Amino acid sequence: MTETRLTRLEDGTYLDTWRWDRAENMLAAIAAAQGIPLVDATGALMLEASTLTGEIVDET
């Protein structure tokens with residue numbers, strides 16, 4: 001993983017962003033987290049979850 005970011009939004013909710021250096025590393029982490037009770041409990045608290053996959057083409 002190259003970066004994680006937790007942002008508190010104006011409405012009091014949170015947005016977390018995880019940025020991975022390689023898709024393979026992301027998929028391995030997701031697979032490793034399956035079945036861990038705390039991961040499952042945390043996921044149950046989420047109101048909305050989404051995943052976007054892309055390639056960074058420029059960054060300043």
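Quick note: numbers below take in every heavy atom, side chains included, and nothing from hydrogens, waters or symmetry partners. Since the structure is predicted, the reported quantities are computational estimates derived from the model, not experimental observations. Index from 1, following the sequence.
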Partners of Arg8 by side chain to side chain contact (heavy atoms under 4.5 Å, CB included), sequence neighbours excluded?
Tyr14
With sequence neighbours left out, what residues match Thr7 under side chain to side chain donor-acceptor pair (under 3.5 Å)?
none
With Gln34 via side chain to side chain donor-acceptor pair (under 3.5 Å) - residues at least two apart:
none
Taking the hydrophobic residues Ile, Leu, Val, Met, Phe, Trp and Tyr, and joining any pair whose side-chain heavy atoms are under 4.5 Å apart, which ones share a cluster with Val39?
Ile36
Note: with side-chain heavy atoms under 4.5 Å as the link, the other cluster members for Val57 come out as none
Please check if the side chain of Thr13 supplies one atom and the backbone of Leu9 the other of a donor-acceptor pair under 3.5 Å.
no
Contacts of Glu24 meeting salt bridge (Lys or Arg N to Asp or Glu O under 4.0 Å) (sequence neighbours excluded), chain-then-number -> Arg22
Nearest-0.5 Å distance, CG of residue Asp16 to OG1 of residue Thr42
10.0 Å
